[in-house]
There are 2 protein chains.
Amino acid sequence: MRTETVENYLKTIYNLSSDNTLVVSNQKLADKLSINPASVTEALRKLHELKYVIYEKSYGTRLTTTGSKLALSIVRRHRIWETYLVKELGFGWDEVHEIAEELEHVKNDKLINKLAEILGNPVYDPHGDPIPDAKGKIQKSNFIKLSEARIKNNYKIMGVTDHSTAFLKYLDKHHLVIGASVNVKSIEEFDNSIVLVCQKKEVNISPKAADCIIIEGL
Amino acid sequence: MRTETVENYLKTIYNLSSDNTLVVSNQKLADKLSINPASVTEALRKLHELKYVIYEKSYGTRLTTTGSKLALSIVRRHRIWETYLVKELGFGWDEVHEIAEELEHVKNDKLINKLAEILGNPVYDPHGDPIPDAKGKIQKSNFIKLSEARIKNNYKIMGVTDHSTAFLKYLDKHHLVIGASVNVKSIEEFDNSIVLVCQKKEVNISPKAADCIIIEGL
DNA sequence: ATTAATTTTTAGGCATACCAAAATTAATAA
DNA sequence: TTATTAATTTTGGTATGCCTAAAAATTAAT
Ligand SMILES: [Mn+2]
Ligand SMILES: [Mn+2]
Ligand SMILES: [Mn+2]
Ligand SMILES: [Mn+2]
């Protein structure tokens, strides 16, 4: 089985299992990888044989220790590259995900560790996602989603869970960048949209968008 | 047909045709790509259909204008990455070829042009090979091989045609790096090996090695 | 001009990675 | 509990990209 394909499956299983706590369904994998469910079934059987995952028919899939290590190393490569592209090469946080999807498959530890070193071994990537260290150790945090925020409270934006250019450009427009301080002014009764105050301006955030913004209480 | 495969064929055809002047044989392609000649025949038929090459059965292959442009852009990516790895990331000239073989397939013009800009739009890579500019224009030069050098003359090392770690480390050991000045002290009658003087030390160069060193008269 | 060696092509196969349609299994609602 | 819906798996196919062995064509040597 081709390495790049294996890598994409393992990385996606890792991302969908939120830190290996959940079992991943074929459906979600198929959606995320834009692949037919039938193909996912086949692939999982192979990954099971290769001992990268434990795939229980009609139930779900989780990573083995080996698979988890591999997944973490791909996630590390992806996030280090994203950080390098933003910090050293001047790309916007909305441009780097697609490029990193390709760069993450370049297999050379010395290269990634060199980039990490230049960046000062960063712990978070441009979207606020934690970067595993060379051993696969990952920063734990207890951030919440903006959709779970409470009225009148102050928060700091810590990350996003959607990496699409459209969404990130929208955030840029309203200065909702990582590190920004925001206050939850009100929450609309009828549609749960959130009125935020950021840099003295009011912004209305849809529930869908609020679900993709990660914050920390101040 | 998968892009990475197409890219590797086109790049290799370009390299073997020395600037599109020669027709390339299946044999040489098979050798260079470490692929069975039968597979090369098939691939060339496809590349011909795709109008990337003109493949004349049992005679040879050359690039079309389209194929040539594509090949040049891959060569550019390869050589820019090699230069970046050496100049900005501290890799040795003997370590970068393999990594660039992977990086050259990352398709993002902005990225390559950004790297080129940081490097000051270099015209030669760490092995002395010319780097095509963004439009595919390439520096012409009339360097010769060390194996063609004449006795008593002074030369400057301008490049190498073998990128293997073993060969480059051997050159490093004798200070035969790009830019070094050398004098041809003598040429052995019986085996054509060359006695060079470099940094006041004598080095004996085999004909095979001399064929891989590119020089310019001083 | 033959023969011999080399190169190229053909033929028949194989593994990977995908898909669509049908059949099965599991989950949900009535 | 049964019917309906949704998710999963099976089945049968396709395209890519590679291989070996054998045949054919080309090139080199006698
Ligand atoms: Mn990303
Ligand atoms: Mn990211
Ligand atoms: Mn190279
Ligand atoms: Mn080079």
Side-chain angles (χ1 to χ4, degrees), chain A residues 1-18 22-63 66-67 70-71 74 101-102 104-105 107, chain B residues 1-18 22-63 66-67 70-71 74 101-102 104-105 107:
Chain A
M1 211 180 183
R2 230 189 99 238
T3 305
E4 205 166 309
T5 305
V6 174
E7 290 190 344
N8 282 331
Y9 271 99
L10 296 182
K11 177 191 64 170
T12 308
I13 293 166
Y14 176 84
N15 285 331
L16 291 177
S17 71
S18 29
L22 302 176
V23 150
V24 178
S25 75
N26 291 20
Q27 185 84 108
K28 279 196 178 142
L29 262 175
D31 284 356
K32 200 71 161 194
L33 291 166
S34 304
I35 275 173
N36 190 291
S39 309
V40 171
T41 302
E42 286 177 287
L44 290 177
R45 230 190 331 248
K46 286 251 176 91
L47 290 174
H48 185 100
E49 271 170 38
L50 293 169
K51 305 227 198 273
Y52 289 140
V53 305
I54 293 158
Y55 157 60
E56 294 179 67
K57 213 168 137 173
S58 284
Y59 165 67
T61 303
R62 59 190 195 284
L63 295 168
T66 318
L70 239 168
I74 299 146
E101 287 289 324
E102 295 189 59
E104 73 188 5
H105 300 293
K107 273 160 283 299
Chain B
M1 210 180 183
R2 230 188 104 238
T3 304
E4 207 167 307
T5 305
V6 174
E7 289 190 345
N8 283 331
Y9 271 97
L10 296 182
K11 178 189 65 171
T12 308
I13 293 166
Y14 176 85
N15 285 332
L16 290 177
S17 72
S18 24
L22 302 176
V23 148
V24 178
S25 74
N26 292 19
Q27 187 83 112
K28 279 196 178 143
L29 262 176
D31 283 356
K32 201 72 162 192
L33 291 167
S34 304
I35 273 173
N36 191 290
S39 308
V40 170
T41 303
E42 287 177 284
L44 291 176
R45 228 189 334 248
K46 285 249 176 93
L47 291 173
H48 185 101
E49 271 171 37
L50 293 169
K51 305 226 198 273
Y52 289 141
V53 306
I54 293 157
Y55 156 61
E56 294 180 68
K57 215 168 135 170
S58 285
Y59 166 68
T61 303
R62 60 191 195 286
L63 294 169
T66 317
L70 238 169
I74 298 147
E101 286 290 325
E102 295 188 58
E104 73 188 5
H105 300 293
K107 273 161 283 300

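Residue numbers begin at 1 in each chain, while the letters A, B, ... track the order of the sequences. Because the structure is a prediction, the values reported are computed rather than measured.
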Kindly say if [X] contacts the phosphate of [N], meaning a side-chain N or O under 4.0 Å from OP1 or OP2.
{"X": "A:Lys46", "N": "C:dC18", "result": "no"}
{"X": "A:Tyr55", "N": "D:dT9", "result": "yes"}
{"X": "A:Arg45", "N": "D:dT9", "result": "no"}

Query - Among B:Val53, B:Thr61, B:Thr5, the one residue meeting side chain to side chain contact (heavy atoms under 4.5 Å, CB included) with B:Leu47 - result: B:Val53

Please report, rounded to the nearest Å, how far the [atom2] atom of [N] is from the [atom1] atom of [X].
{"X": "B:Leu29", "N": "C:dT7", "atom1": "CG", "atom2": "P", "value": "14 Å"}
{"X": "A:Glu56", "N": "C:dT25", "atom1": "CD", "atom2": "C1'", "value": "16 Å"}
{"X": "A:Leu44", "N": "D:dT9", "atom1": "CG", "atom2": "P", "value": "8 Å"}
{"X": "B:Glu49", "N": "D:dA15", "atom1": "CD", "atom2": "P", "value": "12 Å"}
{"X": "B:Leu50", "N": "D:dA15", "atom1": "CG", "atom2": "C1'", "value": "13 Å"}
{"X": "A:Asn8", "N": "C:dA17", "atom1": "CG", "atom2": "P", "value": "11 Å"}

Query - Interatomic distance, B:Leu10 atom CG to B:Thr66 atom OG1 [nearest 0.5 angstrom] - result: 10.0 Å

Query raised in the report: Atom CG of B:Leu33 and atom CD1 of B:Ile13: how far apart are they, to the nearest 0.5 Å?
Result: 8.0 Å

[X], nearest nucleotide to its side chain (from [options]):
{"X": "B:Thr41", "options": "C:dT7, D:dC18, C:dT10", "value": "C:dT10"}
{"X": "A:Ile35", "options": "C:dT7, D:dT9, C:dC19", "value": "C:dC19"}
{"X": "B:Asn36", "options": "D:dC19, D:dT10, C:dA17", "value": "D:dC19"}
{"X": "B:Glu42", "options": "D:dT9, D:dC18, D:dT20", "value": "D:dC18"}

Report summary line: Scanning both residues in full, the closest heavy-atom pair of A:Ala30 with A:Asn36 reads CB-C, 4.4 Å

Query raised in the report: Sub-3.5 Å donor-acceptor pair from the side chain of B:Lys107 to the main-chain atoms of B:His105, do we have one?
Result: yes

Query raised in the report: Mapping B:Ala38 and A:Ser39 onto DNA chain C by nearest heavy atom, which one lands closer to the 5' end?
Result: B:Ala38

**Report entry** Atom NZ of A:Lys32 with >12 non-hydrogen neighbours under 6.0 angstrom
**Finding:** no

Report task. Could you summarise the pairing of DNA chain D as dot-bracket text, marking Watson-Crick and G-U pairs under 3.5 Å with ( ) or [ ] inside the strand and | across strands? Result -> ||||||||||||||||||||||||||||||

